[in-house]
Protein chains: 2
Amino acid sequence: MDQAKSPNIHHLFQQSFPTVARTPSTPITEHLAYLLAQANREINRQLDARFKKEGVPVEQWRILKVLSDGKGHSMGDLADAVLLNHPTLTKMVDRMVSDALVYRVQDPDDRRKVVMFISDRGKTLTQRLNSLALSQEAHIAENYGNKATADLKRLLESLIEKAN
Amino acid sequence: MDQAKSPNIHHLFQQSFPTVARTPSTPITEHLAYLLAQANREINRQLDARFKKEGVPVEQWRILKVLSDGKGHSMGDLADAVLLNHPTLTKMVDRMVSDALVYRVQDPDDRRKVVMFISDRGKTLTQRLNSLALSQEAHIAENYGNKATADLKRLLESLIEKAN
DNA sequence: CGGGAATTGTTGAATATTCAATATTTTCCT
DNA sequence: AGGAAAATATTGAATATTCAACAATTCCCG
């Protein structure tokens with residue numbers, strides 16, 4: 001590899017600055033994508049820490065929460081709702097079925113489909129997880145501010161909506 | 001599975017509502033953790049799509065971008081900066097070394113450490129990636145609004161700061 | 001009706017990530 | 001000084017995710 005000369009035309013204009021002077025370019029920390037990743041990671045980490053004593057990953061809580069409306073949900077709907085792609089969801093649901101948290105029923109109206117339901121065991125677990133999650137939200141709202149939290153949520157919703 | 005009776009004491013108070021009346025509990029879509037995950041996923045997906053023609057995952061762009069300051073960075077610093085845990089970073093850097101985008105040097109002051117540098121090949125790639133990323137940011141700012149984008153960034157920064 | 005195309009979900013192989021253990025070097029403490 | 005503890009990075013095994021292929025069913029259109 002030739003490490004010799006500056007590969008872009010900028011160096012023509014940089015000769016008067018002898019030492020360094022590379023194109024500045026926005027630091028990674030100012031990119032929206034990065035800020036979202038960082039915030040998401042941190043909040044998720046905290047939530048996971050709270051869920052740890054129940055031994056349930058955040059994704060399973062999402063699944064349980066969606067199913068707690070009591071209605072049946074197809075795998076496809078679930079996958080969209082919980083932000084998982086299909087094969088990942090299938091395998092996670094397999095585990096949850098083993099743990100008797102949810103169960104599958106074949107949709108009688110469309111036999112390609114599977115309809116997922118939450119079990120009673122799943123329901124009681126969901127309640128414990130919900131209160132852990134709520135306590136986290138309360139904790140955030142506490143030292144981040146109610147207004148800021150509400151504003152942030154609103155902006156995120158709007159971003160998500162626009163992004164489609 | 002016994003789906004028969006409501007498992008919590010609430011049902012004592014719900015007897016006057018004969019039909020259903022389960023505890024409402026916030027829908028998943030109102031939780032901050034979920035909104036962050038969703039927004040992050042979507043923005044990342046879009047960025048990945050743009051990077052696709054370069055065949056570079058977003059994480060590698062982050063690494064390249066951090067290293068483009070020309071200074072050397074230890075693996076630990078890098079891992080923090082690019083939101084990857086150490087073993088994952090090690091293996092990703094292995095690939096990038098194979099691709100001659102970055103290289104390792106042992107830190108002479110502390111021989112436990114490795115100092116990472118970006119190669120010239122890495123620099124030119126970074127420039128192409130930067131402009132793809134900037135065009136995405138521009139696209140977002142365009143149909144989401146400059147104010148909203150700035151507000152969102154500010155709120156995210158503040159959340160991240162508070163969360164530590 | 002019949003059959004190709006589309007939809008839905010799962011599987012298996014390939015890939016990536018994570019956890020725990022390890023190796024190496026430095027720091028700290030007495 | 002000298003040895004235990006901490007810091008840094010990597011490795012290998014276990015686990016998880018993804019991609020592509022598949023199977024089953026339904027849809028659609030001629």
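Sequence lines set the chain letters: A, B, ... in the order given, protein chains first and strands last, and positions in each chain run from 1.
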* Asked: What about K91(A), does its side chain sit under 3.5 Å from the base of dT15(D) through a donor-acceptor pair?
  -> no

* Using only side-chain N and O atoms of S74(B), determine if any of them is under 4.0 Å from OP1 or OP2 of dA9(D). => yes

* Output yes when at least one side-chain N/O atom of T90(B) is less than 4.0 Å from OP1 or OP2 of dT10(D), else no. => yes

Side chain of [X] - closest among [options]:
| X | options | value |
| --- | --- | --- |
| R95(B) | dA16(D), dA16(C), dG12(D) | dA16(C) |
| M75(B) | dG9(C), dA13(C), dT10(D) | dT10(D) |
| K113(B) | dA13(D), dT8(D), dT10(D) | dT8(D) |

When the distance from [atom1] of [X] to [atom2] of [N] is rounded to whole Å, what number comes out?
| X | N | atom1 | atom2 | result |
| --- | --- | --- | --- | --- |
| M116(A) | dG9(C) | CE | C1' | 12 Å |
| N44(B) | dT18(D) | CG | P | 12 Å |
| D94(B) | dG12(D) | CG | C1' | 13 Å |
| D48(B) | dA16(C) | CG | P | 13 Å |
| E59(B) | dT18(D) | CD | P | 11 Å |
| H86(A) | dC19(D) | NE2 | P | 13 Å |
| L83(B) | dT18(C) | CG | P | 12 Å |
| D80(A) | dT8(C) | CG | C1' | 12 Å |

All N/O contacts under 3.5 Å from nucleotides 20-28 of chain C to the protein, with atom names and distances to one decimal?
{"unit_1": "dT26(C)", "atom_1": "OP1", "unit_2": "R111(B)", "atom_2": "N", "d": "3.1"}

Counting N and O atoms only, with roles assigned by atom type, does the side chain of [X] sit under 3.5 Å from a partner on the main chain of [Y], one being a donor and the other an acceptor?
| X | Y | result |
| --- | --- | --- |
| Q46(A) | I140(A) | no |
| R121(B) | D99(B) | yes |
| Y144(B) | A163(A) | no |

* **Salt bridge present between R154(B) and D151(B) (N-O < 4.0 angstrom)** => yes

* Sidechain N-carboxylate O distance under 4.0 Å for D120(A), K123(A) -> yes

* Asked: Parallel, tilted or perpendicular: which fits the ring planes of W61(B) and F51(B), with parallel below 30° and perpendicular above 60°?
  -> perpendicular

* Structure fact -> When Q136(B), K153(B), R62(B), E137(B) are each screened for side chain to side chain donor-acceptor pair (under 3.5 Å) with H31(A), the one that passes is E137(B)

